[in-house]
There are 2 protein chains.
Amino acid sequence: MVLTQRSYVRRPTLEDVARQSGVSKSTVSRVINGEARVRTEVVDRVRRVISELGYVPNQAARQLVTHRTNAVAVVAAQPENRLFIDPFFDLLLRGIRRELALHGAQAVLLFLEEPDDYARVADYLGGGHVDGAILFPLRPGDRLAEIIDRLGLPAVFGGRPLLRDGDPERPGQAHVDGDNRGGARLAVQHLVALGRRRIATVAGPYDQENSAVDRLAGYRDVLRDAVSPPLVERADYTRQGGADAMAALLDRHPDLDAVFVASDLMASGALQTLRERGRRVPEDVAVVGFDDLTSIAETTDPPLTTVHQDIEEMGRLMARLLLAREDAPDGPSVIVPTRLVRRASA
Amino acid sequence: MVLTQRSYVRRPTLEDVARQSGVSKSTVSRVINGEARVRTEVVDRVRRVISELGYVPNQAARQLVTHRTNAVAVVAAQPENRLFIDPFFDLLLRGIRRELALHGAQAVLLFLEEPDDYARVADYLGGGHVDGAILFPLRPGDRLAEIIDRLGLPAVFGGRPLLRDGDPERPGQAHVDGDNRGGARLAVQHLVALGRRRIATVAGPYDQENSAVDRLAGYRDVLRDAVSPPLVERADYTRQGGADAMAALLDRHPDLDAVFVASDLMASGALQTLRERGRRVPEDVAVVGFDDLTSIAETTDPPLTTVHQDIEEMGRLMARLLLAREDAPDGPSVIVPTRLVRRASA
DNA sequence: CTGAAAGCGCTAACAT
DNA sequence: ATGTTAGCGCTTTCAG
């Protein structure tokens with residue numbers, strides 16, 4: 001027992017309401033569920049009794065028969081607090097919540113932090129507390145994914161998934177992601193359009209993160225039939241990593257005139273390096289970032305031209321996918337488009 | 001209906017397990033709930049069948065009879081994303097989750113963002129989905145507080161509550177807060193011990209926030225029987241506010257030799273003003289902050305001496321209070337102690 | 001348009 | 001140590 005027994009107080013039930021209003025339980029049930037075939041007069045009477053008694057339907061009972069809860073779990077694996085620092089998660093969650101709210105569903109957020117949490121969360125999801133789950137960020141192939149499979153719980157995976165060699169493809173499971181590849185293409189095409197000819201990239205950890213792989217691929221897509229051989233330096237999505245990678249690029253290719261940096265955080269580091277090396281931005285080197293984290297992109301010197309993702313829309317989409325309100329274009333996975341936001345750095 | 005019907009798949013029930021293992025439902029129930037009086041042999045057999053069938057107990061059914069869910073709601077009113085920017089909430093939530101996990105309870109986080117959310121969250125809480133709720137930050141007197149009262153749902157209020165004139169006192173409801181007054185005393189006593197004689201304070205918005213009231217009271221406590229008349233300037237807990245208030249103080253009291261700033265964020269602004277005015281810290285003016293947000297306090301120049309609150313412990317305490325595992329010293333409310341963290345600014 | 005009755009899956013006396 | 005029996009509070013046929 002978790003909470004002490006004294007915590008339970010008897011609440012009015014459907015039956016109480018029925019007795020008070022002189023109708024049957026069925027009728028009260030109909031009123032509550034807004035069914036048509038009840039006389040207005042009766043509806044009013046029942047409604048009055050409900051509010052007098054302060055009656056609230058017992059969801060457990062309802063759930064037992066309907067198999068529905070009107071609640072959706074959002075499961076967040078939370079490595080090193082990053083979720084709360086990065087506005088990404090905040091925006092995503094907001095989109096999810098708003099879309100679910102539109103459909104009368106309550107989003108409940110669960111955290112996965114320590115190993116023990118897995119079992120408890122699995123029990124929670126398996127226990128029928130929710131109608132479905134949105135998991136973020138979780139690798140397909142995750143232990144929880146198996147559990148969800150076995151339970152037949154509707155689920156959508158989203159965020160920035162990590163994929164490694166040997167991870168099984170699971171085409172059955174819905175998935176939402178930003179258009180990392182297309183966004184990178186936008187960025188590099190912009191640099192090309194600016195007339196830049198020696199376009200380098202500071203890539204993300206493409207041995208670890210899918211998004212980094214895709215952004216690098218987008219860079220290559222554009223340079224393939226173009227102007228400049230690929231000049232790639234890998235970093236780890238941190239500011240310092242971006243600064244170091246920029247230094248390495250300048251050492252190896254002193255003549256570069258543009259750089260696509262695969263995240264705004266890394267780009268802020270890269271800008272610092274460029275400044276230290278006396279390169280003017282954008283005159284000598286044009287810089288484009290990725291993410292459009294305004295807290296970074298608007299405050300760098302110069303402000304950062306970068307690729308924007310509509311993160312809230314991604315959240316909404318995840319919710320809509322789960323609610324099966326939307327037929328995904330091809331299969332259950334959806335890619336959310338990006339757009340370029342021009343500021344001063346390119 | 002929120003999720004489409006196809007989402008439901010029949011899962012094995014207690015009865016299925018009982019039939020398969022050739023015992024009664026009661027026995028299976030006993031095995032699941034770890035009761036003693038079952039033969040080891042039978043326990044093993046039942047366990048095997050359970051895992052073969054992939055049986056997971058239906059919580060709704062269980063809940064309907066036990067009136068317990070093993071879940072606790074954490075309700076967060078989220079004005080302007082501040083929850084996700086401020087590490088305060090992150091730490092608090094971590095404490096809550098960990099303590100609940102210790103007792104096998106699952107924390108589920110709900111957000112209160114838009115007016116519509118109230119009704120849905122109230123339904124959720126009233127629907128028996130959870131055994132109790134931790135609400136943060138919420139004024140006693142809040143609409144949701146009433147609902148919780150009426151439902152008899154065990155609840156703990158926490159965080160930095162806002163209290164205004166006319167808000168009812170509600171002694172029945174548990175409450176956790178940091179020791180704002182005691183912490184402020186520590187800060188000012190430290191400045192006194194350093195030999196400072198003209199000690200000013202940049203107070204928080206004490207017309208709006210309880211914490212600001214208490215921190216100012218702590219400052220006055222120490223100066224009452226001491227060295228320096230109170231020199232008070234009010235600001236709004238922002239960085240700019242702190243900078244402006246510091247400027248005002250310097251104008252009015254050019255001879256001040258120390259200042260207690262009621263939040264680290266304001267203190268970072270105050271330090272900037274002092275630098276601009278050519279005052280050395282701590283030689284000319286000693287500065288103490290409040291909160292110990294390390295992302296600020298460790299990176300200011302000089303690093304900030306400040307009052308630390310054990311926020312995770314506050315979270316744990318809120319959970320423990322809810323679980324009634326702890327007898328609160330006096331009444332259901334608890335004040336968590338603070339301590340001074342010395343860095344270079346005082 | 002309304003009521004009666006069955007049953008969702010589980011636990012908790014009460015027997016045995 | 002195990003089985004039997006009632007419900008928990010609700011929705012949902014099925015009658016009327």
Side-chain angles (χ1 to χ4, degrees), chain A residues 1-2 5 8-47 49-50 53-70 123 126-129 131 151, chain B residues 1-2 5 8-47 49-50 53-70 123 126-129 131 151:
Chain A
M1 159 162 48
V2 173
Q5 202 60 28
Y8 177 69
V9 297
R10 189 185 182 287
R11 299 181 190 170
T13 71
L14 233 199
E15 182 139 27
D16 298 329
V17 176
R19 203 175 316 114
Q20 276 285 332
S21 23
V23 295
S24 73
K25 294 196 297 174
S26 319
T27 300
V28 178
S29 176
R30 286 181 185 114
V31 171
I32 288 167
N33 295 296
E35 282 180 39
R37 328 189 140 276
V38 185
R39 264 188 330 206
T40 328
E41 185 189 313
V42 176
V43 171
D44 291 344
R45 182 149 35 98
V46 171
R47 288 240 174 87
V49 174
I50 286 179
L53 263 44
Y55 168 77
V56 181
N58 180 323
Q59 295 299 333
R62 178 180 273 177
Q63 189 178 326
L64 190 55
V65 24
T66 61
H67 296 116
R68 267 174 296 100
T69 66
N70 252 27
D123 279 356
H129 288 287
D131 296 335
L151 294 171
Chain B
M1 161 161 48
V2 172
Q5 201 60 30
Y8 177 70
V9 296
R10 188 186 183 285
R11 298 180 191 171
T13 71
L14 234 199
E15 182 139 27
D16 297 329
V17 176
R19 203 176 314 114
Q20 277 284 332
S21 21
V23 296
S24 74
K25 293 196 299 175
S26 317
T27 300
V28 177
S29 175
R30 286 180 185 113
V31 170
I32 288 166
N33 295 297
E35 282 180 40
R37 332 192 137 273
V38 185
R39 267 188 327 204
T40 327
E41 187 189 314
V42 176
V43 171
D44 291 345
R45 181 149 35 97
V46 171
R47 288 239 174 87
V49 174
I50 285 178
L53 263 44
Y55 168 77
V56 181
N58 179 323
Q59 295 298 334
R62 179 180 271 177
Q63 190 177 324
L64 191 53
V65 27
T66 61
H67 297 291
R68 265 174 297 100
T69 65
N70 252 29
D123 279 356
H129 289 287
D131 295 336
L151 294 171

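All chains are named by letter (A, B, ...) in the order of the sequence lines, taking the proteins before the strands, and each is independently numbered beginning at 1.
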Note to self: Has Asp131(A) got a side-chain atom pairing as donor or acceptor with Arg68(A)'s backbone, closer than 3.5 angstrom?
What the structure shows: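 No, the answer is negative, given that no donor and acceptor are paired below the 3.5 Å cut-off.
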Arg62(B) side-chain N/O to Thr69(B) backbone N/O, donor-acceptor pair under 3.5 Å:
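Side chain of Arg62(B) to backbone of Thr69(B), a donor-acceptor pair under 3.5 Å: no, none is there.
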If you measure from CG on Leu64(A) to CD on Gln63(B), what distance do you get to the nearest 0.5 Å?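 Going from CG on Leu64(A) over to CD on Gln63(B), the span is 10.0 Å.
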Enter the distance from Asp44(B):CG to Glu41(B):CD here, rounded to the nearest 0.5 Å.
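The distance works out to 8.5 Å.
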Quick tally for nucleotides 10-16 of chain C: nucleotides whose base has a protein heavy atom under 4.0 Å get B, sugar-phosphate-only ones S, the rest -, giving BBBB---
- Heavy-atom side-chain proximity of Val49(B) to Tyr55(B) below 4.5 angstrom: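 Sidechains of Tyr55(B) and Val49(B): no contact.
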Measuring from the side chain of Leu64(A) (C-beta onward, heavy atoms only), which nucleotide among dG9(D), dA1(D), dT2(C) has the closest atom?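 Selected nucleotide (nearest to the side chain): dG9(D).
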Verdict with supporting geometry, Asp16(A) and Gln20(A), side chain to side chain contact (heavy atoms under 4.5 Å, CB included): CA-CA 6 Å; Asp16(A) 298 329; Gln20(A) 276 285 332; 5.6 Å; no
### Task
Take Val17(A) and Leu53(A), measure what side chain to side chain contact (heavy atoms under 4.5 Å, CB included) needs, and give me the verdict at the end.
CA-CA 8 Å; Val17(A) 176; Leu53(A) 263 44; 4.2 Å; yes
Give a yes/no on whether any side-chain N or O of Thr27(A) is located under 4.0 angstrom from OP1 or OP2 of dG3(C).
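Answer is yes, contact under 4.0 Å.
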Donor-acceptor pairs are to be reported for all side-chain atoms of residues 26-33 of chain A against protein atoms at under 3.5 Å, with residues two or more places apart or in another chain.
| from | atom 1 | to | atom 2 | distance (Å) |
| --- | --- | --- | --- | --- |
| Thr27(A) | OG1 | Ser24(A) | OG | 3.4 |
| Ser29(A) | OG | Asn33(A) | ND2 | 3.4 |
| Asn33(A) | ND2 | Ser29(A) | O | 2.8 |

Mind calculating the distance between [atom1] ([X]) and [atom2] ([N]) to the nearest angstrom?
X	N	atom1	atom2	result
Asn70(A)	dC10(D)	CG	P	16 Å
Gln63(A)	dT11(D)	CD	C1'	13 Å
Arg11(A)	dC8(D)	CZ	C1'	14 Å

When the C1' atoms of the five terminal pairs at each end define the local axes, what inter-axis angle does the helix from dC1(C)-dG16(D) to dT16(C)-dA1(D) show, to 10 degrees?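 Computed angle between terminal axes is 30°.
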